[in-house]
Amino acid sequence: MSKRDFYDVLGVSKGSSADEIKKAYRRKAKELHPDRNADNPNAEEQFKEANEAYEVLRDAEKKAAYDRFGHAAFEGGMGGGGRPGAGGGFRNQGDFASAFSDVFDDLFGDMMGGGGRGGGRNRAARGSDLRYNLRVTLEEAYAGMQKTIQVPTSVACGSCEGTGAEGGAEPTTCPTCSGMGKVRAQQGFFTVERTCPTCSGLGQIIKNPCRTCGGQGRVEKDRSLSVNIPAGVETGTRIRLGGEGEAGMRGGPTGDLYIFIEVAKHEIFERDGVSLFCRVPVSMSSAALGGDIEVPTIDGGRARVKIPAGSQSGRQMRLRGKGMPALRTAGQGDMFIELAVETPVNLTSRQKELLREFDELSEENNPESSSFFKSVKGFWDSMKG
């Protein structure tokens, strides 16, 4: 099958400039690349055809020969006459790699972590994000607070102003990667990109490193930061301080600081979201007769609670609005108290006498209950016998 005209393949005219031919090839390469045309069985052949056309038309000598002799100029066996000899198409894999690399970045730049040619040029490394674990009391979590913390981190070097070069001089372009931050290696048909070993991907090198920071552009230092802890935080709450993390290398942007909150356990209160729970001891007489008691609240005050007569251990009572505040909203949780009726100990003779009298009166007032307990007592006595 006869070959198509190379100009038609790329969609340009004979009078097109080298830059126009290059742009046309890039468009065709993007359009026809097999990875983007999995459902087109002809895409691979068309892609190779575009590569072959560009390999010829990009070279002034080859283009002149093609304009004069057409495809015959590269069909071999015709020495002299100003026509190239044998070896049509690509002279070697290096020539193809050179041609293909012009479009490589446009096709794969994003996947390789760059943004096309020169993607690594003048690129400084961003500083790492830091984590700080902050332990607060339940009272502090309730009220919110301003807390000062000491954070060990890296800060920009004052001697070189973060550049890493002695005296603040500007770094120079890396000679190995020409500032790209990446180098390429040919492996058969494919070109593989790797991080430049000379500049570690920064695209720049420092000929005269700063003596203070050793060329890093940053030094270790403890920083004092004031942190606003909002009311309502709980264990696991994360607070982000933008730009307060580790300084970037050689003037790169600073990372962020993440503060993770841990609320310490409380001696009295247990927390579940915005609700607070506490057990309140109540005397047997107060539980039986009813009355008023005072209970502590998380804000440091005290609340009066009315105990109904005949209350039993485990009974819960709610104090509305006495719980934890909802984080960054106007809501407020409730406080729940659980009664724990206490049995008196170390009784005096008089107290024992009164309790026996009370027990006798209870039997008279509750004969059914008295009969029940007597039957239970008889059962256990028979088991012992």
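Since this is a predicted model, take the numbers as computed values, not measurements.
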Flag yes if [X] and [Y] sit in one hydrophobic cluster, no otherwise; membership is Ile, Leu, Val, Met, Phe, Trp, Tyr, and two members link when side-chain heavy atoms are under 4.5 Å apart.
{"X": "Tyr132", "Y": "Leu225", "result": "yes"}
{"X": "Val136", "Y": "Tyr258", "result": "no"}
{"X": "Met317", "Y": "Met324", "result": "yes"}
{"X": "Val341", "Y": "Val280", "result": "no"}
{"X": "Phe336", "Y": "Ile293", "result": "no"}

Test your reading of the model: is there a side-chain donor-acceptor pair from [X] to the backbone of [Y], 3.5 Å cut-off?
{"X": "Asp256", "Y": "Gly243", "value": "yes"}
{"X": "Asp334", "Y": "Ser275", "value": "no"}
{"X": "Ser16", "Y": "Glu20", "value": "no"}
{"X": "Glu140", "Y": "Thr137", "value": "yes"}
{"X": "Glu166", "Y": "Arg211", "value": "yes"}
{"X": "Gln332", "Y": "Gly323", "value": "yes"}

May I ask you to decide whether [X] forms a salt bridge with [Y], counting only side-chain N to carboxylate O separations under 4.0 Å?
{"X": "Arg126", "Y": "Glu246", "value": "no"}
{"X": "Lys23", "Y": "Asp19", "value": "yes"}
{"X": "Glu360", "Y": "Arg356", "value": "no"}

Going from [atom1] on [X] to [atom2] on [Y], what distance comes out if it is rounded to the nearest 0.5 angstrom?
{"X": "Arg58", "Y": "Leu10", "atom1": "CZ", "atom2": "CG", "result": "12.0 Å"}
{"X": "Ile261", "Y": "Thr237", "atom1": "CD1", "atom2": "OG1", "result": "6.5 Å"}
{"X": "Asp67", "Y": "Lys62", "atom1": "CG", "atom2": "NZ", "result": "14.0 Å"}
{"X": "Arg194", "Y": "Cys177", "atom1": "CZ", "atom2": "SG", "result": "14.5 Å"}
{"X": "Ile206", "Y": "Cys213", "atom1": "CD1", "atom2": "SG", "result": "7.0 Å"}
{"X": "Phe358", "Y": "Met284", "atom1": "CZ", "atom2": "CE", "result": "7.0 Å"}

Quick one: do the [X] and [Y] side chains pair a donor with an acceptor below 3.5 Å?
{"X": "Lys63", "Y": "Tyr7", "result": "yes"}
{"X": "Asp5", "Y": "Tyr66", "result": "yes"}
{"X": "Glu244", "Y": "Thr254", "result": "no"}
{"X": "Glu220", "Y": "Ser154", "result": "yes"}

I need the minimum non-hydrogen distance between [X] and [Y], along with the two atoms involved.
{"X": "Pro197", "Y": "Val183", "answer": "CD-CG2, 4.2 Å"}
{"X": "Ile205", "Y": "Cys199", "answer": "CG2-CB, 4.0 Å"}
{"X": "Leu327", "Y": "Ala231", "answer": "CD1-O, 3.4 Å"}
{"X": "Glu234", "Y": "Gly273", "answer": "OE1-CA, 4.4 Å"}
{"X": "Gln351", "Y": "Leu347", "answer": "OE1-CA, 3.3 Å"}
{"X": "Ile239", "Y": "Asn228", "answer": "CD1-O, 4.0 Å"}

| said: With a sphere of 6.0 Å drawn around CD of Glu270, does it hold more than 12 non-hydrogen atoms of other residues, nucleotides or ligands? | reply: no
| said: Would you say that more than 12 heavy atoms from the other residues, nucleotides or ligands in this model lie under 6.0 Å from the CD of Glu44, or not? | reply: no
Using a 4.5 Å cut-off on heavy atoms from C-beta on, say whether the side chain of [Y] contacts that of [X].
{"X": "Val274", "Y": "Pro325", "result": "no"}
{"X": "Leu319", "Y": "Val295", "result": "yes"}
{"X": "Glu342", "Y": "Pro281", "result": "yes"}
{"X": "Ser313", "Y": "Val282", "result": "no"}
{"X": "Asp129", "Y": "Leu257", "result": "no"}
{"X": "Ile307", "Y": "Ser286", "result": "no"}
{"X": "Arg223", "Y": "Val155", "result": "yes"}
{"X": "Thr172", "Y": "Lys207", "result": "yes"}

| field | Pairwise side chain to side chain donor-acceptor pair (under 3.5 Å) hits with a residue in residues 315-329, at least two apart | value | none
| Which residue pairs pass the salt bridge (charged side-chain N to carboxylate O under 4.0 Å, His left out) test when at least one of the two sits in residues 274-295, sequence neighbours left out? | Arg279-Glu338, Glu294-Arg302, Glu294-Arg304
| task | Output, in order, the C-alpha distance, side-chain angles, deciding distance and verdict of side-chain contact (heavy atoms from CB on, under 4.5 Å) for Leu276 and Ile298. | result | CA-CA 9 Å; Leu276 290 177; Ile298 189 62; 3.7 Å; yes
| task | Output, in order, the C-alpha distance, side-chain angles, deciding distance and verdict of salt bridge (Lys or Arg N to Asp or Glu O under 4.0 Å) for Glu52 and Lys48. | result | CA-CA 6 Å; Glu52 183 181 8; Lys48 291 180 180 179; over 6 Å; no
| side-chain contact (heavy atoms from CB on, under 4.5 Å) evaluation trace for Arg271 with Val263 | CA-CA 10 Å; Arg271 180 181 183 180; Val263 180; 4.2 Å; yes
| Passes side-chain contact (heavy atoms from CB on, under 4.5 Å), Lys22 versus Tyr54? Steps please. | CA-CA 8 Å; Lys22 183 176 183 178; Tyr54 181 61; 3.5 Å; yes
| Do you know which of Gln46, Lys28, Arg4, Lys3 makes side-chain contact (heavy atoms from CB on, under 4.5 Å) with Val9? | Arg4
| message | Among residues at least two apart in sequence or on other chains, which ones pass side chain to side chain contact (heavy atoms under 4.5 Å, CB included) with Ser224? | response | Thr148, Gln150
| task | May I ask you to check if Arg131 and Phe260 form a cation-pi contact, with NZ or CZ under 6.0 angstrom from the six-membered ring centre and within 45° of the axis? | result | yes
| query | Which is it for Arg350 and Glu353 under the salt bridge (Lys or Arg N to Asp or Glu O under 4.0 Å) test, yes or no, and what are the steps along the way? | reply | CA-CA 5 Å; Arg350 177 59 178 159; Glu353 181 181 344; 3.5 Å; yes
| Full working for side-chain contact (heavy atoms from CB on, under 4.5 Å) between Leu354 and Glu357 | CA-CA 5 Å; Leu354 290 173; Glu357 183 179 347; 4.2 Å; yes
